[in-house]
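Notes to accompany the following structure.
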2 protein chains.
Amino acid sequence: MRKNQDMLGEEQSGPLMADVARLAGVAISTVSRALANPGRVNAKTRAKIDAAAKQLGYTPNAMARGLRIGKSNIIMIILPGSLHYGASQIIPQVLQSINRSLIQGGHNLMIANLDRDEVSERHILDLAFGGTVRGAIILSSKLPEVDGRSLANAGFPIVSMLLDMSDAGFPSVVTNDREAVRDATAELIRLGHRRFLYIAGPEGNYHDVERYGGVVEALDQAGLTAEAVRRSGGNLDYQHGFEIGVQAASDFARLTDKPTAVIATSDDMAISFVSCVQRTGLSIPEDLSVVSFDGSPVCEFCSPSLSTIEQPVDEMGQAAVAILLGATGQMENGPATRTVIRSKLILRESMAGPKS
Amino acid sequence: MRKNQDMLGEEQSGPLMADVARLAGVAISTVSRALANPGRVNAKTRAKIDAAAKQLGYTPNAMARGLRIGKSNIIMIILPGSLHYGASQIIPQVLQSINRSLIQGGHNLMIANLDRDEVSERHILDLAFGGTVRGAIILSSKLPEVDGRSLANAGFPIVSMLLDMSDAGFPSVVTNDREAVRDATAELIRLGHRRFLYIAGPEGNYHDVERYGGVVEALDQAGLTAEAVRRSGGNLDYQHGFEIGVQAASDFARLTDKPTAVIATSDDMAISFVSCVQRTGLSIPEDLSVVSFDGSPVCEFCSPSLSTIEQPVDEMGQAAVAILLGATGQMENGPATRTVIRSKLILRESMAGPKS
DNA sequence: TTGTAAGCGTTATCAT
DNA sequence: ATGATAACGCTTACAA
């Protein structure tokens, strides 16, 4: 109630706790208690206060509260800029899942893009060290580090999702990438395939290692060697997933002794790959079987419909939030946990036995 | 520097402005000035301060600052829960574009899901009235309103994106939906089509009115009547875009005097529709031409590749941010502005002349 | 140009 | 059970 509140410049900051206190005829500290610890105040008093608050349309000021208690209720999610395009198909679901979970406990979700420039890194560090956010969920293996400030230290709660970073000390929520790909590959082998093309994302990162590892394991178990699989992509990090598939199709065209089955590490890659090879006259799955990773809804509606390993995005988001909010204090205790939530192979038309 | 800062419980709140001041040998207010108005402080002093700040790894506390100046630097984007799935293909781009623009000016982006429940409405209102956020970009026509509190009043800066809500008093950034669909339809007419199927999103909303209006206008100009177009979808609001396409395909199957061209109001719908009708033995574009709205990257890789009206998401995001940040004060001045950014029709294989 | 001091709207400690 | 009061970390008149 700073200036004229109902004159014309209705630009004011709304009713304060002091206003509620006055209207209810109690002290301001009592209002604070009534709102935070309803149990520690007389029922009658509380009723008066609640009524006054409602009547005034009172909303507590979050910044004042945050400043006082030294905590914010905001969590940030750090997305590599490329992700918006790369595994983009699942990003909206990731955000929604995380946001829904956060709201349960009165928390909020802020987005942070981690691009390859110092500006975005500095920005994220400011968010963290400036107390704006209380913790972070990261979908990136690289963490901002500028001017000696580093997100990795600072006892700042961080949970990694999708990528396993438990070795680096961050509790991680991942799916069983290796096993899922192993099973998908095993299924292809069972169908009769013996020569494979693996389309990689950024080479050497967790997903690549695990997923490619899964392929090799399946080959092993079937008595085949890694000779049976060729790789494409991988060297091209940070780009549009669709482009990787296009590139892979062109690699495929040059291959002698052609693979009869393709394992793509994201749906995007598979979709553009399929599109390109179909244009060269090949039929899927007759000439080439395809399976990919992510479980984007669109896979069901491709021609042919695409087999895909569906990531349990919702559960992963929920788990990440639960761990993050739970872990507020500890960190540094034991080794970081690694929570695995199983993917599900969805079999569709794109997988079948090889021709001959 | 509350307790023991390098003993073991490294859990403290980091260096304060007071620490910087002490180290630099100046008053705290001088530090504040040096950081905010570098011009209003002696170059030498400023150098000392900068050095001290850097040495300590100082980051200003955003909540304290926000509380003091009565403003937050956070903007929220309000997404209808359904959007994550519906026109989901463009949501990541929207978020990225808005976030990048915001960061330019030191602002941050918070996500708010507007679901159909009171909890999410209340949550958003708390964000606004509690001072957490400074303004909002809405992708929804419905605004939260609970307990007498309403986002629509409150002099709270709001900009609408995608939907034109200038009549309701919100500056809006939209694309030329009507015109774009009119042109696409005209192109279909030019190709020889005379009977159309229009696949609607939520019936009666801005997009439906404009886009359907565009179809009818094109028919008009060609001397055709609205009899030439049948509608599908529309009654099913808020659901997975893919489902609407599936439903439309089943509607299509039952139609007598079949349309030869389809105008879908989102890529999702078009994709699932195409998939379904292809399974009934129809060929696209031989038996049926298809064009849709959004410009999702995946359209290029469908079979056949899909013609689509590409929304200028990046520019819309930038414009929305510019308007929102510019409009901090005014509002209520004149009528709300309506900023139109043109879409681009991308012609691909899915559009061709009718068979006979 | 720089320093002093009064808040911003809460919460939490201490009395009462 | 309730009330006065001192922070929380910063910005901004106002003084020097």
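We use all heavy atoms of the structure for the numbers below, so side chains are in, but hydrogens, waters and symmetry mates are not. Note on naming: letters A, B, ... go to the chains in the order of the sequence lines (proteins, then strands), and numbering restarts at 1 for each one.
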Inset, instruction - Determine, stepwise, if the pair A/L35 / A/D50 fulfils side-chain contact (heavy atoms from CB on, under 4.5 Å). - result: CA-CA 8 Å; A/L35 268 36; A/D50 288 346; 4.2 Å; yes
Nearest-Å distance, [atom1] ([X]) to [atom2] ([N])?
X: B/M63; N: D/dT11; atom1: CE; atom2: C1'; value: 16 Å
X: B/L67; N: D/dA7; atom1: CG; atom2: C1'; value: 12 Å
X: A/K71; N: C/dG9; atom1: NZ; atom2: C1'; value: 20 Å
X: B/L56; N: D/dG9; atom1: CG; atom2: C1'; value: 15 Å
X: B/N73; N: C/dC8; atom1: CG; atom2: P; value: 21 Å

For a quick test of your reading: what N or O donor-acceptor pairs under 3.5 Å do the side chains of residues 36-49 of chain A make, sequence neighbours left out?
from  : atom 1 : to    : atom 2 : distance (Å)
A/N42 : OD1    : A/K44 : N      : 2.7
A/R46 : NH1    : A/P38 : O      : 2.6

Can [X] and [Y] be counted as an ion pair, charged N to O under 4.0 angstrom?
X: B/R122; Y: B/D147; answer: yes
X: A/R338; Y: A/D167; answer: no
X: B/E121; Y: B/K142; answer: yes

Do any N or O atoms from the side chain of [X] and from the backbone of [Y] form a donor-acceptor pair under 3.5 angstrom?
X: A/S172; Y: A/F170; result: yes
X: B/D19; Y: B/L16; result: yes
X: B/S97; Y: B/D314; result: yes

Legend entry - Difference in axis direction between the ends of the helix from C/dT1-D/dA16 to C/dT16-D/dA1, five pairs, 10°: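 One end's axis against the other's: 40°.
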Inset, instruction - Please list, by residue number, the residues of residues 41-52 of chain B whose heavy atoms come closer than 4.0 Å to an atom of DNA chain C; answer none if no residue qualifies. - result: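 When residues 41-52 of chain B is checked for heavy atoms under 4.0 Å from DNA chain C, the hits, listed by number, are B/V41, B/N42, B/T45.
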Going by atom type alone, with no hydrogens or angles, which donor-acceptor pairs under 3.5 Å involve a side-chain atom of residues 56-66 of chain A and a protein atom two or more places apart or on another chain?
from  : atom 1 : to     : atom 2 : distance (Å)
A/T59 : OG1    : B/R149 : NH1    : 2.6
A/N61 : OD1    : A/M63  : N      : 2.8
A/N61 : OD1    : A/A64  : N      : 2.8

Legend entry - side-chain hydrogen bond (donor to acceptor under 3.5 Å, both in side chains) partners for A/R68, two or more places apart: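 With neighbours one apart ignored, the set is empty.
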Legend entry - The single option from A/I138, A/L127, A/N108, A/T132 passing side-chain contact (heavy atoms from CB on, under 4.5 Å) against A/M76: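 When A/I138, A/L127, A/N108, A/T132 are each tested with A/M76, the side-chain contact (heavy atoms from CB on, under 4.5 Å) holds only for A/L127.
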Inset, instruction - Classify every nucleotide of nucleotides 10-16 of chain C by which part a protein heavy atom approaches to under 4.0 Å, writing B for the base, S for the sugar-phosphate alone and - for neither, in 5'-to-3' order. - result: BBB----
